[in-house]
2 protein chains.
Amino acid sequence: MSSPQRRTTIKDVAELAGVGVATVSRVLSGGSASAETRERVLDAATKLDYRPSALGRNLRQQRSGGIALLVPDITDNFYARLADGVLSCARSYGEPVTIGVTGDDPEQEADLVGSLLEQSMDRVVAVPSGDGEMWAPALRAGLSVVFADRRVWRAPGQQRVLAEVPAVLADDRAGVRTAVEYLTGLGHRKIGFLARHGQSHRMQAFRDAVGDALDEELVVPARASRDSAYAAAAGLLQRRPDVTAVLTGDNMLGEAAVLAARELDVRIPRDLSLVMFDDVPWAELCAPPLTVVAQPAQDIGYRAAELVMRQGRRPRTVTLPTQLIVRGSCGPRR
Amino acid sequence: MSSPQRRTTIKDVAELAGVGVATVSRVLSGGSASAETRERVLDAATKLDYRPSALGRNLRQQRSGGIALLVPDITDNFYARLADGVLSCARSYGEPVTIGVTGDDPEQEADLVGSLLEQSMDRVVAVPSGDGEMWAPALRAGLSVVFADRRVWRAPGQQRVLAEVPAVLADDRAGVRTAVEYLTGLGHRKIGFLARHGQSHRMQAFRDAVGDALDEELVVPARASRDSAYAAAAGLLQRRPDVTAVLTGDNMLGEAAVLAARELDVRIPRDLSLVMFDDVPWAELCAPPLTVVAQPAQDIGYRAAELVMRQGRRPRTVTLPTQLIVRGSCGPRR
DNA sequence: TTGAAAGCGCTAACAT
DNA sequence: ATGTTAGCGCTTTCAA
């Protein structure tokens, strides 16, 4: 087994080209140089198969390149698509992406942000779980953050600094309203809503959409886990057999609703109409195929990454449209 | 807007503690120091909220910490779970994880590896797409690699160096055999197999399991995309209406098979029995619920990450068991 | 246009 | 046990 050979450095290139290291650096980063020098340097670099060390550059510039991405759960298809969008944008900039999963837990999120700081990463796309208490210091430490999918809860003292954070969001409000209107149009009056704690914005949109008819008991929150999703769904269905329609705030809650309904022998769409947020590939395979509010997950990620790269003057918040896709999981109230 | 304050460095800590920087470094990395000194340093570090800069350390040590992870497609639930396993192991070591998606394309994979080298990352968990031509040089460059889910195609000259690469795999061979035996037990004789180009090992296992009865036309390969999966499934079903059972090499091919069957009005399990590799959450929601060969995806990721961290003496290859989970997508031949 | 040199924050070799 | 110092590879003044 041969020992790994020493890395080629800028010094080697300078030597071979017969110029100073500064010149090599300039040429390679597109600075000015005479045509002849440029050619000599490029030649030498090619001949030695030189790849500049990110380590040296990073230390010098006091920042590591790359984008950090914080999501609650990478196995959730929605966040996976979002991540895919970030990756695809980052790739076009040639930037590596570091991923962290927060489990929707503010504490883990804080840890992760701490380690980003330790790495001197200064660009983050985050689906935030914590509140302003956590993000404000990070912002002050020079981190440039773009929120995706949701923004942070309003924290009393921090509004100003948090308002500065750009965000790329799906149009929750319109999505929820459309879904609720669709269901009421079918005659449904008792509509349940299953959502995560982190989806407070959707909950509020739901309350607003339902208006006077609101029954607070039908808005049920769940924690981030699959188990908690199932518990919430089964709980609602058992406690309130009078609900005739359910809207879920994400796909795992939708999955839970289907499972719980099956378990309790509640037939979809005969006994219960179901609309799920997020159009995952399996929605179509389900029996019956699920009616969904589609969100442009990959686009959200892409745009967020773009924003965090551009850093310059930019729009405060980007809202991307959702779309109701009617399949077979809803029927008239009976 | 206040300008981001200068980072606290080891020098600041040394000064406040009244010791040299080396002492600070030693104390913080668990070296020897008198109890009193240790306390003074720790105090100072706490007071200043000092976090050592990974940049400095990395440059000094000529390697950035962290684990790189290369997967074909992060939106595929299998790889997402695998990634989750890697992330979870990495977290226990406090190491960041950099993800790249290869799209199962050797060229993109080579690019990605190049950029890892540029970052001086030296630990990679990879689901390889390219062949030995690509990995051998990386290995020689000092990268320590662990393959997950599959290993690299045998490349003529490279066998020795590639044989050194540890791998964590699901027991494909047993999984395929069990599935095939289950289907033949139900009376099926014409069994189709849908697999990716990258899943050649499973194809071979399938050929071996079927034995004499093998009809090469029933083994159909697909490229990495969803479209290609669908085309392969629909193609097989149309070309060979005599197949009574299909095994798919991954979940996207399973999805494609369900969709294609529905489109062609082939009923599952009445007209066609289906077994899918990989137990994704939606397999149970499908109508009928899908019989699957479950793989410990998250475990594969976790173990691979562990191997790449431990670097020491290690087993060559870890094979993890699969499990046939019988649900409702298979029936007797009719 | 080009080169020399400083210095980013850290660790390890060496000296005390 | 602790301090001093060199140096990792790069970019960026500054001077020529």
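Note that this is a predicted model, so its numbers are computed, not measured. Throughout, a chain's letter reflects where its sequence line sits, starting with A, and its residues are numbered from 1. All heavy atoms count here, side chains included; hydrogens, waters and symmetry mates do not.
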Original post:
Starting at the 5' end of DNA chain D, which residue's closest nucleotide do you reach first, A:Leu55 or B:Val24?
Top reply: B:Val24

**OP:** Could you check A:Gly56 against B:Thr23 and say which one's nearest nucleotide on DNA chain D is further toward the 5' end?
**Re:** B:Thr23

Looking only at the side chain of [X] (C-beta and beyond, no hydrogens), which of the listed nucleotides [options] gets closest?
X       : options               : value
A:Ser32 : C:dG3, C:dT1, D:dC8   : C:dT1
A:Tyr50 : C:dT2, D:dC10, D:dG3  : D:dC10
A:Ala22 : C:dA12, C:dG9, C:dA4  : C:dA4
A:Ser34 : D:dT12, C:dT2, C:dG9  : C:dT2
B:Ile10 : D:dT4, C:dA4, C:dC10  : C:dC10
B:Ser25 : D:dC10, C:dG9, C:dT11 : C:dT11
B:Arg60 : D:dA6, C:dA6, C:dA5   : D:dA6

Subject >> Side-chain ion pair, A:Asp104 and A:Arg150, N-O less than 4.0 Å >> reply: yes

Original post:
Does the A:Arg316 side chain pair with the main chain of A:Pro166, one donor and one acceptor, at a distance under 3.5 Å?
Top reply: no

Original post:
Ignoring hydrogens and geometry, is there a side-chain-to-backbone donor-acceptor pair from A:Arg123 to A:Ile67 under 3.5 Å?
Top reply: no

Original post:
Distance check: side-chain N/O of A:Gln62 vs OP1/OP2 of C:dG9, anything under 4.0 Å?
Top reply: yes

Original post:
Does a side-chain N or O from B:Arg57 land closer than 4.0 Å to OP1 or OP2 of C:dT11, or not?
Top reply: yes

Original post:
Under 4.0 angstrom, heavy atoms only, what part of the nucleic acid is B:Thr37 near: base, sugar-phosphate, or nothing?
Top reply: sugar-phosphate

**OP:** Compare all side-chain heavy atoms of A:Arg40 with those of A:Val19 and state whether any distance is below 4.5 angstrom.
**Re:** yes

Original post:
Hey, which of these two, A:Arg38 or A:Val21, hits DNA chain C nearer its 5' end, going by closest nucleotide?
Top reply: A:Arg38

Original post:
With no angle test and no hydrogens, is the base of C:dG3 tied to the side chain of A:Arg26 by a donor-acceptor pair under 3.5 Å?
Top reply: yes

